[in-house]
Participant: 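This is the structure I have questions about; it appears just below.
Numbers here are sequence positions counted from 1.
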Amino acid sequence: MTIASTSPHKLASARDLFALTKPRVMSLVIFTAICGLLAAPGSIHPVIGFTAILAISLGAGASAALNQWYEYDIDAVMKRTANRPLPAGRMDRETALHFGIGLSVFSVLLMGVAVNWLSAAILAFSIFFYAVIYTIWLKRSTPQNIVIGGAAGAFPPVIGWAAVTGDITMMPILLFAVIFFWTPPHFWALALFMNSDYSKAGVPMMPVVAGRQSTRKQVAGYSLVLAACAIAPFAIGAAGTVYGATAIMLSLAFIFLSFRVGVSKTEDPSAMKAEKDLFKFSIFYLFALFGALVADRMIFA
C-alpha cells in the first residue's frame, strides 16, 4: 500500500491537528492524572490544579503527535490508523513534527512555571520516553515494546500527585505500577485479534513474534501481577475500604477474563470473543479503579 503524498505547504486544519493528539486514547491518560491529583494528600488551588491537568493534557497530545510523525508509514498500512491525518495525506510530516515539539516545550514550561518543577521534569521525561524510547527505539525492535513502553502511560498519576505534594511517595509509585502492569494485557488483547495488521506493518508485537498461545499465557500471568499492584494500596493502609473492595472485585473480574484468554485456542480474529471482552473490560477497569481511589479519598479525608 502506498502512503498518500503530502504537500510541504499544505495547511493542516484545526480538526486534523486535534486528531494528531489522539484525544480518545489520551482521555484515559488525562483521567488518571486527574485522579492522581485529587487523591494526593493536601490541597491545591483550583486554578493551579486546572493548569497542571492542562499541561499534562498538552504533554500527552504532544507525545501522540510525535508518535504519529514517526509512525506515518506504519499507520498507512494498518486499517485502524490509515485515516489519520498523515497517512491520509491531509497533513505533511514537518507540520506534525513542529506541532509536537512546540506543544512539548509549552506544556513543560507551563507546568514548571505555574505548578512546580518536579512535576514538569516528570512530564518532560514522560514525553521523551513515549516519543523516543518507545516510539523510535522499542516499537519496531522488540516484542517487549509494550512491556517497557508501558511506563510512558504510567507517569500521569505520578505527575498529578507531584503537582499537589511536590514529592514522590510509595502511593504514586503503586499507581505507576498499576498502569505499567495493566498495559501488556490491555494491548496484547487488542494485538491478538489485530494480529494481521501488526504483521503487515512489521511491528514485532508479542503475538506476531511469539505466537498467540504464548501471548495468551503471558496475558494471564500479567493479570495476577496487576491484581497484586491494584490491591496493594489498600493492603498497606494507603487507601480505604471503598478503594479496597473495588480493587478486589475488579481485579478478580480481570483475572477471570484474562484466564479465559489464556485457555482460548481460537485462531480466527472474528471469533475471539474472550480477547475482545478483556480489551473492553480493561478500559473500564482502569477508569473504575482510579475513580474508586478518588471516591475513597473524598469519603475518608
Side-chain angles (χ1 to χ4, degrees), residues 27-44 49 52-53 56 60 118-119 122 126 146-148 150-189 218-262 277-301:
S27 62
L28 190 54
V29 168
I30 296 164
F31 178 76
T32 58
I34 293 172
C35 291
L37 184 145
L38 294 176
S43 61
I44 187 170
I53 297 304
I56 294 169
L118 174 61
S119 55
I122 303 171
S126 70
I146 285 299
V147 178
I148 305 168
F155 283 114
V158 181
I159 302 171
W161 186 285
V164 177
T165 66
D167 62 14
I168 302 297
T169 58
M170 179 57 69
M171 187 61 177
I173 292 173
L174 288 174
L175 298 181
F176 177 96
V178 167
I179 300 177
F180 183 82
F181 288 108
W182 167 88
T183 301
H186 168 72
F187 277 102
W188 285 341
Q218 293 189 59
V219 165
Y222 269 97
S223 72
L224 297 176
V225 181
L226 169 62
C229 292
I231 297 168
F234 172 67
I236 66 172
T241 53
V242 171
Y243 174 83
T246 304
I248 291 169
M249 289 187 293
L250 286 172
S251 295
L252 286 174
F254 198 103
I255 290 170
F256 172 74
L257 292 172
S258 295
F259 273 71
R260 278 182 63 207
V261 171
D277 286 347
L278 175 61
F279 177 73
K280 292 175 184 176
F281 180 77
S282 66
I283 298 171
F284 169 76
Y285 176 90
L286 213 57
F287 272 111
L289 188 71
F290 276 78
L293 180 67
V294 174
D296 190 272
R297 167 89 166 98
M298 292 179 173
I299 292 170
F300 294 105

Participant: If you apply the rule side-chain contact (heavy atoms from CB on, under 4.5 Å), what do you find for I53 with I30, and how did you get there?
Facilitator: CA-CA 7 Å; I53 297 304; I30 296 164; 4.0 Å; yes

Participant: Donor-acceptor pairs under 3.5 Å, side chain of residues 284-294 to any protein atom, not counting sequence neighbours: which ones?
Facilitator:
{"from": "Y285", "atom 1": "OH", "to": "S251", "atom 2": "OG", "distance (Å)": "2.9"}

Participant: Got L175 and V158 here, is their nearest side-chain heavy-atom distance under 4.5 Å?
Facilitator: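 Side chain of L175 against side chain of V158, heavy atoms only: no contact under 4.5 Å found.
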
Participant: Starting from the C-alpha separation in whole Å, work towards a yes-or-no answer on side-chain contact (heavy atoms from CB on, under 4.5 Å) for L252 and F256.
Facilitator: CA-CA 6 Å; L252 286 174; F256 172 74; over 6 Å; no

Participant: Looking at W161 and I168, would you say the former's side chain and the latter's main chain have a donor-acceptor pair under 3.5 Å?
Facilitator: no

Participant: Over all heavy atoms of both residues, which pair between P41 and V164 is shortest? Give the atoms and the distance, please.
Facilitator: O-CG1, 3.5 Å

Participant: Below 4.5 Å, heavy atoms only, C-beta onward: do C229 and F180 meet side chain to side chain?
Facilitator: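 C229 does not reach F180 side chain to side chain.
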
Participant: How long is the straight-line distance from CG of L278 back to CD1 of I255, given to the nearest 0.5 Å?
Facilitator: 11.5 Å

Participant: Supply the atom-to-atom distance I179 CD1 to W182 CH2, rounded to the nearest 0.5 angstrom.
Facilitator: 8.0 Å

Participant: Taking all non-hydrogen atoms of both residues, which atom of I159 and which atom of S126 are closest, and how far apart?
Facilitator: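 Distance-wise, the nearest heavy atoms are CD1-OG, 4.1 Å.
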
Participant: Which atoms form the tightest heavy-atom contact between F234 and T241, and what is the distance?
Facilitator: CE1-CA, 3.9 Å

Participant: Quick check: closest heavy atoms across P156 and V29, and the distance to 0.1 Å?
Facilitator: CG-CG1, 3.2 Å

Participant: Nearest 0.5 Å please: distance from the CG atom of L38 over to the CD1 atom of I44.
Facilitator: 9.5 Å

Participant: Where does the angle between the aromatic ring planes of W188 and Y222 fall among parallel (under 30°), tilted (30 to 60°) and perpendicular (over 60°)?
Facilitator: perpendicular

Participant: Can you name the closest pair of heavy atoms from S282 and H186 and give their distance?
Facilitator: OG-ND1, 2.6 Å

Participant: Quick one: do I236 and M171 satisfy side-chain contact (heavy atoms from CB on, under 4.5 Å)? Show the steps, please.
Facilitator: CA-CA 10 Å; I236 66 172; M171 187 61 177; 5.8 Å; no

Participant: Quick check for you: to the nearest 0.5 Å, what is the distance between T169 atom OG1 and L174 atom CG?
Facilitator: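 Spacing of OG1 (T169) from CG (L174) equals 9.0 Å.
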
Participant: Checking side-chain contact (heavy atoms from CB on, under 4.5 Å) for the pair T246/D296: CA distance, chi angles, key distance, verdict?
Facilitator: CA-CA 10 Å; T246 304; D296 190 272; over 6 Å; no

Participant: Measuring from L250:CG to Y243:OH, what's the distance to the nearest 0.5 Å?
Facilitator: 9.0 Å

Participant: Which heavy atom of I56 sits nearest a heavy atom of G160, and at what distance?
Facilitator: CD1-N, 4.1 Å

Participant: Output all residues satisfying salt bridge (charged side-chain N to carboxylate O under 4.0 Å, His left out) with D277, sequence neighbours left out; order by chain, then residue number.
Facilitator: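 Checked D277 against salt bridge (charged side-chain N to carboxylate O under 4.0 Å, His left out); matches are R260, K273.
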
Participant: CG/L37 to OG1/T165 distance, rounded to the nearest 0.5 angstrom?
Facilitator: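 The OG1 atom of T165 is 9.5 Å from CG of L37, to the nearest 0.5 Å.
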
